[in-house]
Engineer: 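Here it is: the structure, laid out below.
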Number of protein chains: 2
Amino acid sequence: MKPFHSYQNPSLAVDLVVFGYSKQNLSVLLLNRKEAPFKDRWVLPGAFLQMEERFKDTCSRVLKTKLGMDDVYLEQLYSFDEPDRDPRGRAISVAHYALVNPARIAIAAGSMANDVSWFNINDLPALGFDHDSMFQQALQRLRSKITYFPVGFELLDDLFTMPELHELYECILDITIDRRNFRRKILESEYIINTGKKREGSQNRHPDLYKFNKKLKKNSFQINF
Amino acid sequence: MKPFHSYQNPSLAVDLVVFGYSKQNLSVLLLNRKEAPFKDRWVLPGAFLQMEERFKDTCSRVLKTKLGMDDVYLEQLYSFDEPDRDPRGRAISVAHYALVNPARIAIAAGSMANDVSWFNINDLPALGFDHDSMFQQALQRLRSKITYFPVGFELLDDLFTMPELHELYECILDITIDRRNFRRKILESEYIINTGKKREGSQNRHPDLYKFNKKLKKNSFQINF
DNA sequence: TACTCTTTGTGTTAATCTGACGCAAAGATA
DNA sequence: TATCTTTGCGTCAGATTAACACAAAGAGTA
């Protein structure tokens, strides 16, 4: 199919804010550019749309081929259209964010090791293009979303403990939440289920293992921290 | 500037969900198509991007030339990219929504009268293209936004009464809200100011006239109804 | 002028929710 | 068995909310 419109259209791309949570750290995946523009600067991974691709297809392609990730939570954020956002010419980018559990993927393998890296969100370098504002928008969206939708389980293992979930929320929202009040609110929301099992191996009392409730009655809730 | 990317890019368009509030009715502006595809069907107003235009420029152009509107509240919603969403060929559309006060614009003037019309949101025809889902998404966003950001004043006159604001919220959210509790919450949010004047002419007690507080300390709040 | 009807502005109160915190059980170590 | 830390469960005062009562304002009417 050919475009039916009269003038030469802008290039279309996606850019990805890939969040990973590991060891009480929320991180973002960045790429070190090897060519101009923004040579040697860190940027978000992205790619131009290929024929007949939908945005999510392009995102999956990037995640798969550049980063070796499969089956990732993905959400469209916003489309960036400033005419000069790419020095090479007019390009429109549809920003997305992804949530991955770094434990499940082999990221720093092979040739990638040098130019792909996780950065703690509190310690980011200045990014190329307009990627700083893409990141800010993604972080804002994630912070907002986690208070009314169970996206946390995308970042954790299938089984997790209450303290782990608690730390995730504190880390993402960058606030401290009373442990006991957090437990009460989360349990009232009914979006996690106690499996009856316990996490073994720790020195002190073994915490209960929970899993996410996949048959939520309501598909949204509101928790105010 | 020419695209620097290799393949022929999809066409790029914007589509607009224009909300208007009048006489206790929330309405959307629709266009009756005169050509195929979707001839004689109602659709959202929209247009293809022209050279160097940003999305908002294109939106303003549509609002100005097709609908005679200036200076309208506008927000980007979501980009729609299904390959077959336009039978004429691959086209990507960035949906926006706009809030206007119908009293301020002369809409049904001249040649437009036949093919442009307001529809109550509860009484919409089936729309062409994928515009039904665009509308649904816009309504959802508006409902969410109005609970944490003062967008209501875009739909009302500069001066308005408490009962008018109350009705606007009930209409948009499609719920009933206790009049007195609504007053308390809105006043606590400090996003409106009592002007001291009163609306004259009504048969009963003359309600106070309020205006929106343009120097809000906090730029967001949360009201739960 | 006094009475009625309706709308609008203000206040009250009981029920609910929230934040802050106490305490005991569980597990490992000494 | 005692100690230390973490985890699970409960309590309670203060804040917030929903439901509702009531008086003031305005216009019409007898």
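Below, chains carry the letters A, B, ... as their sequence lines are ordered, and counting in each starts from 1. Since we're looking at a predicted model, the values are computed, not measured.
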Engineer: Please work out if A/T161 contacts a base, only the sugar-phosphate, or nothing of the nucleic acid, heavy-atom cut-off 4.0 Å.
Structural biologist: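 Counting heavy atoms under 4.0 Å across all strands, no contact is made by A/T161.
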
Engineer: D/dT6 P sits how many Å from A/H166 NE2, rounded?
Structural biologist: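 From A/H166 NE2 to D/dT6 P: 13 Å.
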
Engineer: Relative to the 5' end of DNA chain C, which residue comes earlier, B/K198 or A/G201, by the nucleotide with the nearest heavy atom?
Structural biologist: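 Nearest nucleotide further toward 5': that of B/K198.
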
Engineer: Do the side chain of B/K56 and the main chain of B/L74 share a donor and acceptor less than 3.5 angstrom apart?
Structural biologist: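 Side chain of B/K56 to backbone of B/L74, a donor-acceptor pair under 3.5 Å: yes, one is there.
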
Engineer: Do any side-chain nitrogens or oxygens of B/H206 fall under 4.0 Å of OP1 or OP2 in D/dA27?
Structural biologist: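 For D/dA27, OP1 or OP2 has a side-chain N or O of B/H206 closer than 4.0 Å.
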
Engineer: For B/L187 and C/dG9, give me the distance from atom CG to atom C1', rounded to whole Å.
Structural biologist: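 Answer to the nearest Å: 10 Å.
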
Engineer: Is the phosphate of D/dC9 approached by A/R184 (side-chain N or O, under 4.0 Å from OP1 or OP2)?
Structural biologist: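 Looking at the OP1 and OP2 atoms of D/dC9, neither is under 4.0 Å from any side-chain N or O of A/R184.
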
Engineer: Would a distance-only check, ignoring hydrogens and angles, find a side-chain to backbone donor-acceptor pair under 3.5 Å from A/D86 to A/A91?
Structural biologist: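 No; judged by distance alone, with no hydrogens or angles, the pair does not exist.
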
Engineer: Nearest of C/dA20, D/dT7, C/dG9 to any side-chain atom of B/P163?
Structural biologist: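 Nearest to the side chain of B/P163 among the choices is C/dG9.
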
Engineer: Taking atom P of D/dG8 as reference, at what distance in whole Å does atom CG of A/N194 sit?
Structural biologist: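 Distance check: A/N194 CG to D/dG8 P gives 8 Å.
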
Engineer: Taking only side-chain N and O atoms of B/K185, does any of them lie within less than 4.0 angstrom of OP1 or OP2 on D/dT16?
Structural biologist: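 Looking at the OP1 and OP2 atoms of D/dT16, neither is under 4.0 Å from any side-chain N or O of B/K185.
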
Engineer: For residues A/E75 and A/Y97, is any side-chain donor paired with an opposing acceptor at under 3.5 Å?
Structural biologist: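 Yes, because at least one side-chain N or O of A/E75 sits under 3.5 Å from a partner of the opposite role on A/Y97.
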
Engineer: Salt bridge between B/D71 and B/R104, side-chain N to carboxylate O under 4.0 Å?
Structural biologist: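 Looking at B/R104 together with B/D71, the answer is no, because their closest N to O distance does not fall below 4.0 Å.
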
Engineer: Measure the distance from CZ on B/R183 to C1' on C/dT8 and round it to the nearest whole Å.
Structural biologist: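 Computing the B/R183:CZ to C/dT8:C1' distance gives 7 Å.
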
Engineer: Mind calculating the distance between CZ (A/R199) and C1' (C/dA28) to the nearest angstrom?
Structural biologist: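 Checked: the CZ to C1' distance equals 18 Å.
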
Engineer: Starting at CE of A/M162 and ending at P of C/dA25, how long is that distance when rounded to a whole Å?
Structural biologist: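 Atom-to-atom, A/M162 to C/dA25, this comes out as 20 Å.
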
Engineer: Take the protein atom CG of B/N204 and the nucleotide atom P of D/dA27, then report the distance between them rounded to whole Å.
Structural biologist: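 Checked: the CG to P distance equals 9 Å.
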
Engineer: Map B/R205 and B/R180 onto DNA chain D by nearest heavy atom, then report which one ends up closer to the 5' terminus.
Structural biologist: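 In this pair, the answer is B/R180.
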
Engineer: Let me see the working for A/F160 and A/F212 under ring pair (Phe, Tyr, Trp, His ring centres under 6.0 Å), right down to the final yes or no.
Structural biologist: CA-CA 9 Å; A/F160 54 90; A/F212 279 86; 4.6 Å; yes

Engineer: Got a second to check how far B/H131's NE2 is from B/R41's CZ, nearest 0.5 Å?
Structural biologist: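 Answer for the NE2-CZ pair, B/H131 versus B/R41, is 11.0 Å.
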
Engineer: When you measure from the side chain of A/D178 to the backbone of A/R180, do you find a donor-acceptor pair of N or O atoms at a distance under 3.5 Å?
Structural biologist: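 Yes.
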
Engineer: Please round to 10 degrees the angle between the axis of the first five pairs and the axis of the last five pairs in the helix from C/dT1-D/dA30 to C/dA30-D/dT1.
Structural biologist: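 About 20°, once rounded to a multiple of 10°.
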
Engineer: Between B/D208 (CG) and D/dA25 (C1'), how many Å, whole number?
Structural biologist: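 Value for this atom pair: 11 Å.
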
